[in-house]
Peer 1: 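Following this message is one structure expressed as structure tokens.
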Amino acid sequence: MTRTRARQLGGTGIALLFLIFGLGGCVFTQPPFTGGIRMVAIAQEVLTGAQVPVPGVPDDGYMTNPNGPGNGTRTSFEGETNDLGFDDYPDGRENAYWHTHENWAVRWPDPDCNQLCTFNVLVPVGGSRFTCECFF
Amino acid sequence: MLLLMALGLIAPLVFTACDLRGRSTERKELLVFSLIGSKPFADSILALAPDDSKPSQILIPGSERSYVAVSGNSLSSALVVAVHEKVASTGRTENHLYLRNSPGGELQSLNLQDGDAGIPATSPDGSRIAFPLKPRPKGSNYRLWLYDLRTGNARQLTGDQEGNFWETQASWRPNGGEIIFLRVSWVKRGLLSSLFRVSTSTGQISSFPGLEEAISGACYAPDGKSLAVWSANGLEVVHLEDRKRTVILPRASIPGRRFYSAGMSWGKVRGRIAFVLTDGQGKQFELWTISPDGAAPKALYVSKDGIISSPQFIIE
């Protein structure tokens, strides 16, 4: 093998290493697949004006129509928000139309805002967040 | 000539070593916070260095697990992490507390009653964790609990399960003898949040004289002599000895913005107070810091996608 040929091979090897590690880096730093439906509840403190994530707000929803192929098998849900003000359904069917709502009235008989946060929307591939706000 | 060349090669190494040694003695304080994502399992923990504008992710979500809060005194020692994950028995998602003993180490589940945990707060000596918990299946509201890392025992610190309020945002007094927290209740027009404190030894709960009004966020100063609180006036510093109150960021000075009630922190190294503001419509969240005298209020990080929560100064 001539010295020039050896240099060419060495150069190609280094280039391949860069390619492998470069691509590998790209592959391994990709964020993992996440999706589904997240319900969020935020309300206002009456005196300080602060916005507060609210636990214990009941939520529910059901898929009305698929829009095409999508991840997730769940077609309905029912639950309530947690201490950070959200409730998750990671297996909620994506690329489908959903009817969802959060109902303040169960915990809060007379809020000074719309009692029912109702959404009729397409949950796209990759998932969605529905935020129910009670501000005034 | 050869000697000079050798010195030339060695000198940068020596200076670099000195520089590194000098830096290692300097305490660097990071502002750590969570970014609650726009879909399930998209929540991560980020850290912002004092002079950086771009935070780095220190806990990256997986496909069936994400991170909603973290607490500790140093990133190089034990951290308590609130992990959002699916519960096999119910098929639902909940937040559970885990311990990470060292950087890069595995997360170990804390031996707690089944249920959904809130944002944890590590005691100043690192031996205990205060956190809200809603036990499953009978718990109806979040109450404050205390977990001892040395013994592995947990006990409920406050109240029964029946009152129409929840407890959140635990924060330790620097001497470790007391925890302050918020009780949030449903009232006719909206929510009402109040500041309480509980003795970790006797369990006695009391309010702060002069601070019985609505408070939506609070934390102790590192010396324990003052509190930073968010009240109807805005951000205030309250000197506990003489109860003198100083409004350092009036609400009127931040038109169009609202305080987001998701925790506050008062740093030990630079002495700044960290908190979260929103655009008032829940569309944009901003991480702010300010000096205790009201100087140099600054938005350090803005998110239009995720919800910024539980800011905390932690030594690197």
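Chain naming here is simple, since letters A, B, ... match the order of the sequence lines and numbering starts at 1 in each. Just the heavy atoms: all of them, side chains too, but no hydrogens, waters or symmetry mates, feed the values below.
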Peer 1: Given side chains that start at C-beta, do those of A/Phe86 and B/Pro40 come closer than 4.5 Å, heavy atoms only?
Peer 2: no
Peer 1: Answer yes or no: is there an ion pair linking B/Lys134 with A/Glu80, defined by an N-O contact shorter than 4.0 Å?
Peer 2: yes
Peer 1: Are A/Val123 and B/Lys39 side-chain neighbours, meaning at least one heavy-atom pair lies under 4.5 Å?
Peer 2: no
Peer 1: Inspect the contact between A/Asp88 and B/Arg92 and indicate whether a charged nitrogen and a carboxylate oxygen are less than 4.0 angstrom apart.
Peer 2: no
Peer 1: Quick check: closest heavy atoms across B/Lys86 and A/Asp91, and the distance to 0.1 Å?
Peer 2: NZ-OD2, 3.8 Å
Peer 1: A side-chain contact here means heavy atoms from C-beta on lying under 4.5 Å apart; do A/Asp83 and B/Asn95 qualify?
Peer 2: no
Peer 1: Checking heavy atoms, do the side chain of B/Ile215, its backbone, both or neither come under 4.5 Å from chain A?
Peer 2: backbone
Peer 1: Heavy-atom distances under 4.5 Å only: say whether A/Ile42 touches chain B with side chain, backbone, both or neither.
Peer 2: side chain
Peer 1: When you compare the side chain of B/Lys283 with that of A/Glu133, does any pair of heavy atoms fall below 4.5 Å?
Peer 2: yes
Peer 1: What distance do B/Leu191 atom CG and A/Glu45 atom CD have between them, rounded to the nearest 0.5 Å?
Peer 2: 7.0 Å
Peer 1: Walk me through it: do A/Arg38 and B/Ile36 pass the test side-chain contact (heavy atoms from CB on, under 4.5 Å)?
Peer 2: CA-CA 11 Å; A/Arg38 169 165 285 183; B/Ile36 307 299; 3.4 Å; yes
Peer 1: Tell me whether the count of non-hydrogen atoms from other residues, nucleotides or ligands lying under 6.0 Å of CD in B/Gln57 goes above 12.
Peer 2: yes
Peer 1: Name the residue from B/Ser261, B/Ser231, B/Ser216 that meets the side-chain hydrogen bond (donor to acceptor under 3.5 Å, both in side chains) definition with A/Thr48.
Peer 2: B/Ser216
Peer 1: Side chains of A/Asn82 and B/Glu94: closer than 4.5 Å at any heavy-atom pair?
Peer 2: no
Peer 1: Atom OG in B/Ser34, atom CG in A/Leu84: separation rounded to 0.5 Å?
Peer 2: 6.5 Å
Peer 1: Can you find a heavy atom in the side chain of A/Val52 that is under 4.5 Å from one in the side chain of B/Tyr260?
Peer 2: no
Peer 1: Roughly how far, to the nearest 0.5 Å, is CD1 of B/Ile307 from CZ of A/Arg129?
Peer 2: 4.5 Å
Peer 1: Measuring heavy-atom distances to chain B, does A/Thr131 have an atom under 4.5 Å in its side chain, in its backbone, in both, or in neither?
Peer 2: neither
Peer 1: Looking at A/Phe130, A/Tyr89, A/Phe77, which one has more heavy-atom pairs under 4.5 Å with chain B than the rest?
Peer 2: A/Tyr89
